[in-house]
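In listed order, ligands and their atoms are each counted from 1. Given the structure is predicted, the values throughout are model-derived calculations rather than measurements. Values reported hereafter were calculated over all heavy atoms of this structure, with side chains retained and with hydrogens, waters and symmetry mates removed.
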Amino acid sequence: MSKAILFTPGPLNTSEAVRAAMARDLGSRTEEFVSLTNDVRRQISVLSGAGGRHEVVLIQGSGTFALEAMLGSLVRSSDRLLVLVNGAYGERIVTIAKRMRIDVVIQRSAEHEIVSPADVAVTLDSDLSITHVAVVHGETTTGILNPLKAIADVVAERHRRLLVDAIATLGAEPLSIEDYKVCALAASSNKCLEGAPGLAFVVADRAELERVGGNPHSLSLDLFDQARQFERNGQWRFTPPTHVVAALWVALQQLEEEGGVKVRRSRYVRSRDLIISGFEKLGFQCFLSLSVMGSIIVTIRVPDWPGFELEDMLRFLSCSEIYLYPGKISQENTFRVGCIGDLQPQDIERMLDGVARYIQDNCRRDVKMANGR
Ligand SMILES: *Cc1c(COP(=O)(O)O)cnc(C)c1O
């Protein structure tokens, strides 16, 4: 069986050890599984820089489930939520909040610009009824990395509560929920933690969970109840994704063995830089400037070369089991190349060769691929 190469931001290529961990059935009430669950919670707590204040609450599902659980369990309908938006995942938080009938204020900025902490300060100072602020740390829409620490400082100084979508960054960008005085963050198993998809979690301020607890927005996504159950007997309230938990346990082990978040980040940056220089050599342009780019995904402009059709190129690559993502931004045509997961330099080379072959066979353009190729 040939290996699919996923240049996608999760699910992504997992290691052989992570996949092997899923080859065994585990009873959900066994001592072994309870101890796996506890251990995964402990490791996530360390990774997110949680001290005694915060609790790791695991949730079945993808990252969006954790976002819904976070908003539904920590924001009341009498609260007012400021959402900082510079991409599709910020918009998703708005959608979730509106469905929950949370009172929402939106501060939008352009998709190629980071959220400005100074603008957040102005908004918070001019609307004292805002109780919570939500922001996406790494916007997978473009790959932009928002300045979380600076935003968190502005929010904390004004005694508001910050909720963070760290789904695309936890494991790859250093952060500390305790030091930054963040109320809660949401993340999932299948991005920079490099586990299998199916498990999400919220690291939440315990006192806040207790204060808002009992908010009956949903039974299955109630963080307060779920946290109480983990505390009581270490068990999940409903059927847990046992294989995925076992895989995440191994994936977290591997993150530690690799050298932790900083070392993983430099591996992603190396991949990212290979991807950028490869595409630039072929004549493509990045959508973002390097100064605002995170380490997990690169957005590339669709060129106007005669004969170049994005869908054709993606289909052509998928015939060799190489998968890129179409773009997600509103203002222009782009595609995205993920840098995360178990990707090797030779995988990147294979992908770039495929792109070069597609161009050679389909595009008529004046600029030949002479520079170096
Ligand atoms: C992946 C991702 C999500 C969650 O998407 P799912 O499809 O539910 O996994 C949310 N926010 C960001 C920034 C993401 O990268």
| said: So, regarding Glu139 and ligand 1 (criterion: nitrogen or oxygen to nitrogen or oxygen, under 3.5 Å), is there a contact or not? | reply: no

| atom 3 (C) of ligand 1: nearest protein contact (heavy atom, Å) | Tyr89 CE2, 3.4 Å

| message | Distance under 4.0 Å to a non-hydrogen atom of Ala168: what atoms of ligand 1 satisfy this? | response | 15 (O)

| Phe279/Phe335 aromatic ring centres below 6.0 Å | yes

| said: Distance under 4.0 Å to a non-hydrogen atom of Gly138: what atoms of ligand 1 satisfy this? | reply: 13 (C)

| task | Report yes if some N/O of Thr64 lies less than 3.5 Å from some N/O of ligand 1; otherwise report no. | result | yes

| Within 45° of the ring axis of Tyr268 and under 6.0 Å from its six-membered ring centre, is that where the NZ or CZ of Lys262 lies? | no

| request: Determine, considering heavy atoms only, which of Gly61, Gly63, Pro11 sits nearest to atom 9 (O) of ligand 1. | output: Gly63

| said: I need the atoms of ligand 1 closer than 4.0 Å to a non-hydrogen atom of Arg92, numbered in the order shown. | reply: 4 (C), 5 (O), 6 (P), 7 (O), 8 (O)

| said: So does Arg108 get a backbone contact from the side chain of Asn86, meaning a donor-acceptor N/O pair under 3.5 Å? | reply: no

| Do the ring centers of Trp305 and Phe284 come within less than 6.0 Å of each other? | yes

| Do we see a donor-acceptor contact under 3.5 Å between the side chains of Glu111 and Thr142? | no

| query | Is Arg80 salt-bridged to Asp127, cutoff N-O under 4.0 Å? | reply | yes

| Short N or O distance, Thr140 and ligand 1, threshold 3.5 Å exclusive | yes

| Considering only heavy atoms of Lys191, which atoms of ligand 1 have at least one such atom less than 4.0 Å away? | 1 (C), 2 (C), 3 (C), 14 (C), 15 (O)

| request: Give me the ring orientation class for Tyr358 and Phe308: parallel if the planes are under 30° apart, tilted from 30 to 60°, perpendicular past 60°. | output: perpendicular

| request: Within a distance under 4.0 Å of any heavy atom of Val136, pick out the atoms of ligand 1 and give their elements. | output: 13 (C)

| message | Under 4.0 Å from a heavy atom of Ser62: which atoms of ligand 1 are those, numbered in the order shown and with their elements? | response | 6 (P), 8 (O), 9 (O)

| query | Is there a donor-acceptor contact under 3.5 Å linking the side chains of Glu32 and Thr30? | reply | no

| message | Restricting to non-hydrogen atoms, name the atom on Thr64 and the atom on Ile167 that form the minimum distance, rounded to 0.1 Å. | response | N-CD1, 4.5 Å

| task | If you have a sec, work out which protein heavy atom is nearest atom 11 (N) of ligand 1 and how many Å separate them, to one decimal? | result | Asp165 OD2, 2.6 Å

| message | Below a 4.0 angstrom heavy-atom separation, can you tell me which part of His137, side chain or backbone, both or neither, approaches ligand 1? | response | neither

